[in-house]
Amino acid sequence: MSILVNRNTRVVVQGITGKEGSFHASACLAYGTQVVSGVTPGKGGSAVDGIPVFHTVEDAVRETGADTSLIFVPPPVASDAIMEAAQAGIPLIIAITEGIPIFEMIKVRRFIEEKNVRLIGPNCPGIITPEECKIGIMPGFIHKKGHVGVVSRSGTLTYEAVWQLTQLGLGQSSCVGIGGDPINGTSFVDVLKLFEADAETHTIVMIGEIGGNAEEQAAAYIKASVSKPVIAFIAGITAPPGRRMGHAGAIISEGQGTARSKMEALRSAGVTVVENPAAIGEAVKKALP
Amino acid sequence: MNIHEYQAKALFAQYHIPVLRSQVATSRQEAIAAAEALSTPIMAVKAQIHAGGRGQAGGVKLCKTPKDVDDFAARILGMPLKTHQTGPQGQIVRKVLVEEGADIAKELYVSFVTDRERQTVALIASAEGGMDIEEIARQAPEAISRVSINPLFGYQAYQGRVLGFRMGLPITVIGAWSALLGNLYRCFVDKGMMQLEINPLIVTPTDQLIALDAKAVFDDNALFKNKDIAALRDTDEEDPLETRAIAWGLNYVKLDGRIGCMVNGAGLAMATMDVIQLAGGRPANFLDVGGGASAETVKHAFQILLDDSHVKGIFINIFGGIVRCERIAGGILDAVSELGNGLRSVPLVVRLEGTNAKEAKQMLADSALHITVADTLWDGAQKITAAV
């Protein structure tokens, strides 16, 4: 098994006729993902790389049985697109878009809470179950099927970690990018819960960074409820306080959210914390059960 | 994005949040003119910089006459002001706000702020205003009240009322207090803020509420909706290299080390800084050229790194991903030959990973340029640290 997505997942791409949307829809299709439809309001009836395009998510669900949405629409209308997907009954929504206003996301959270929807992201690379299904912008070839679950707030840093694993022959069950924004749909705890319950996942890699307290919450959860070995890296030990490090959520404010405090919380929960980002793969190898 | 106190107070006026009469001045002459125009027995002259702690650092002075105002303006304008938030070099004061005085019966604290943990907006208030909220939290945590706002319904008057009674506010100001919070929340939401703080919000002996200070932090992602706010950006408060980086769409933060880094992706950029330190070096900056990394962005990134005189070596760490590595290598080679002279004296280590990385490394190694090719993240960090 795997978590959240597999070879049976049926994907609709919102914003499929845009530059990013069409490029990545084709890349996901080429990886073997069932990309069954796309949505661009006003372009219904057309097609992208053989994928039929609809005006609305509602139409795409009815006509193609899509059960997962991948969102590429630009920031000013992305929150609207997420709500449209949720209203159309899509249970899993993956938002790649970077730059959605924070208050819009706060409203989206409330909107989807009542609908039993899982939102991944925004501002994330997406999710992949290697050799089955890629829903996002990550390069497929760096992944390999296996038993390490990866969860991360970052994009390219996740690729770095995954590539280290693959080169050591350590495949992955699923890799989930939860995104770099301060308000997002899915937390570390949510994904840890899924990995803990997934029989195919034997070891978990968690990649956090400065800002907020999601890693501290994850530490508390791991201590109480995770039996599998967890290896963590926290980016930003050299980041100065008060400065935003690229990601909207990566900021140390009023002494809160430092890499050091996150590392300490994770260590005290029994997690193997790696200080060197080049040594994540090796640490996983050592921790194998 | 941050703005100055005088700019935030101008916003307050639009939202019927009471402020005192004031004028901003950029010179001694303007400061004197402001003092004369206010024509009031007591004035506060306040340095306008994007940092808190101005009072304790000597950036605020009570003055009685235009002459006092001039003396203080002469002393502070053009000078660096160092507070616990500015860093050791301080921030140059280019403007002062000359404001009329007010009688204070009580100082309150109030703010609306993005609450990451509860994923909503929090309203925070305390009857112990005047000192930093962190200080209140240390000394009297029980004096801080907190309410979550439902973003779909917005602030409700009862929330302010309940807070006000909990804080022991006199019954005569509860109505005005609750209304003021409503205006503050509207301002917070309309203008796309992450934090809006009044500290202190004073109660006068005649039961008036007045915002004596104002701090607003904006969500950069919402600036596209509010051109009036984007126009308030003060580039004097930024490092000039950071201002250029923003114009080129690069994410750049200057640090104080000697190894310049250029990386694609924010998380990997932070991790690259960390690994340089682990190898014994010190990063000169955070620089994210974006997930894709085109030849154009690579060239701009080089220009920024080379204009930082502290940079004694450059480490490029690109995880190619979907963009093929030969294209990135081509971009690096183009940029290096175009900027040739500037780069001659600075060691350059490049680590490329991803699609066709092997061919790309060969391209770099075969070029006549002085580029050291690294195989892994750790290899690159060690090579650049050894070279600097």
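This structure is a prediction, so every number in the text was calculated from the model and none was measured. Order of the sequence lines fixes the chain letters, A, B, ..., with proteins taken first and strands second; residue numbering starts at 1 for each chain.
- For chain B, the nearby parts of A:Pro76 are the backbone and the side chain; heavy atoms of each come within less than 4.5 Å.
- Among B:Trp378, B:Phe286, B:Phe224, the residue making the largest number of heavy-atom pairs under 4.5 Å with chain A is B:Phe286.
- In this structure, B:Thr376 OG1 and A:Glu160 CD are separated by 8.0 Å, a value rounded to the nearest 0.5 Å.
- Here the CG-CD1 distance, from B:Asp115 to A:Ile106, works out to 8.5 Å after rounding to the nearest 0.5 Å.
- Neither the backbone nor the side chain of B:Arg118 has a heavy atom closer than 4.5 Å to any heavy atom of chain A.
- The side-chain heavy atoms of B:Glu117 and A:Gln217, taken from C-beta on, include a pair separated by under 4.5 Å.
- Put simply, of A:Ala259, A:Gly246, A:Pro125, the one with the most heavy-atom pairs under 4.5 Å next to chain B is A:Gly246.
- Of the listed residues B:Ala279, B:Ala222, B:Ala271, the one with more heavy-atom pairs under 4.5 angstrom with chain A than any other is B:Ala271.
- With a 4.5 Å cut-off on non-hydrogen atoms, A:Glu98 does not touch chain B at all.
- Residue A:Ile207: no heavy atom, backbone or side chain, is found under 4.5 Å from chain B.
- A donor and an acceptor atom, one from each side chain of A:Thr156 and B:Asn264, are nowhere located under 3.5 Å apart.
- Side-chain contact check for B:Asn251 versus A:His247: every heavy-atom pair is 4.5 Å or farther apart.
- B:Leu287 CG to A:Met245 CE: the interatomic distance, rounded to the nearest 0.5 Å, is 11.5 Å.
- Ranked by heavy-atom pairs under 4.5 Å with chain A, the list B:Met193, B:Lys225, B:Glu134, B:Met194 is led by B:Glu134.
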Requested in this report: May I have the step-by-step check of side chain to side chain contact (heavy atoms under 4.5 Å, CB included) for B:Gln277 and A:Glu275, ending in yes or no?
Outcome: CA-CA 11 Å; B:Gln277 176 162 291; A:Glu275 302 246 348; over 6 Å; no

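- Of the two parts of A:Arg244, the backbone and the side chain both hold a non-hydrogen atom closer than 4.5 Å to a non-hydrogen atom of chain B.
- Between A:Pro75 and B:Asn221 there is no side-chain heavy-atom pair separated by less than 4.5 Å.
- The backbone N or O of A:Ala235 sits nowhere less than 3.5 Å from a side-chain atom of B:Asp274 that would complete a donor-acceptor pair.
- Using a 4.5 Å heavy-atom threshold, the side chains of B:Glu242 and A:Arg243 count as touching.
- For a residue to count as touching a neighbouring chain, one of its non-hydrogen atoms must lie under 4.5 Å from one of that chain's; by this rule A:Ile102 touches chain B with backbone and side chain alike.
- B:Arg116 contributes a side-chain N or O that, together with a main-chain N or O of A:Gly249, makes up a donor-acceptor pair within less than 3.5 Å.
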Report task. Show your working on side chain to side chain contact (heavy atoms under 4.5 Å, CB included) between B:Thr114 and A:Phe103 and close with a plain yes or no. Result -> CA-CA 8 Å; B:Thr114 305; A:Phe103 191 70; over 6 Å; no

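- Only the side chain of B:Val189 comes within contact range of chain A, with heavy atoms under 4.5 Å apart.
- Contact of the B:Val275 side chain with the A:Asn276 side chain is registered, since non-hydrogen atoms from C-beta on lie closer than 4.5 Å.
- Interface residue A:Glu209: only side-chain heavy atoms are found under 4.5 Å from chain B.
- A donor-acceptor pair is defined here as one N or O able to donate and one able to accept, closer than 3.5 Å; no such pair exists between the side chain of B:Asp219 and the backbone of A:Pro101.
- Separation of atoms CZ (B:Arg282) and OG1 (A:Thr238) is listed at 10.5 Å; rounding is to 0.5 Å.
- Counting heavy-atom pairs closer than 4.5 Å to chain A, the top residue among B:Gln119, B:Met273, B:Gln85 is B:Gln119.
- Between A:Ile142 and B:Phe319, the closest side-chain pair of non-hydrogen atoms falls below 4.5 Å.
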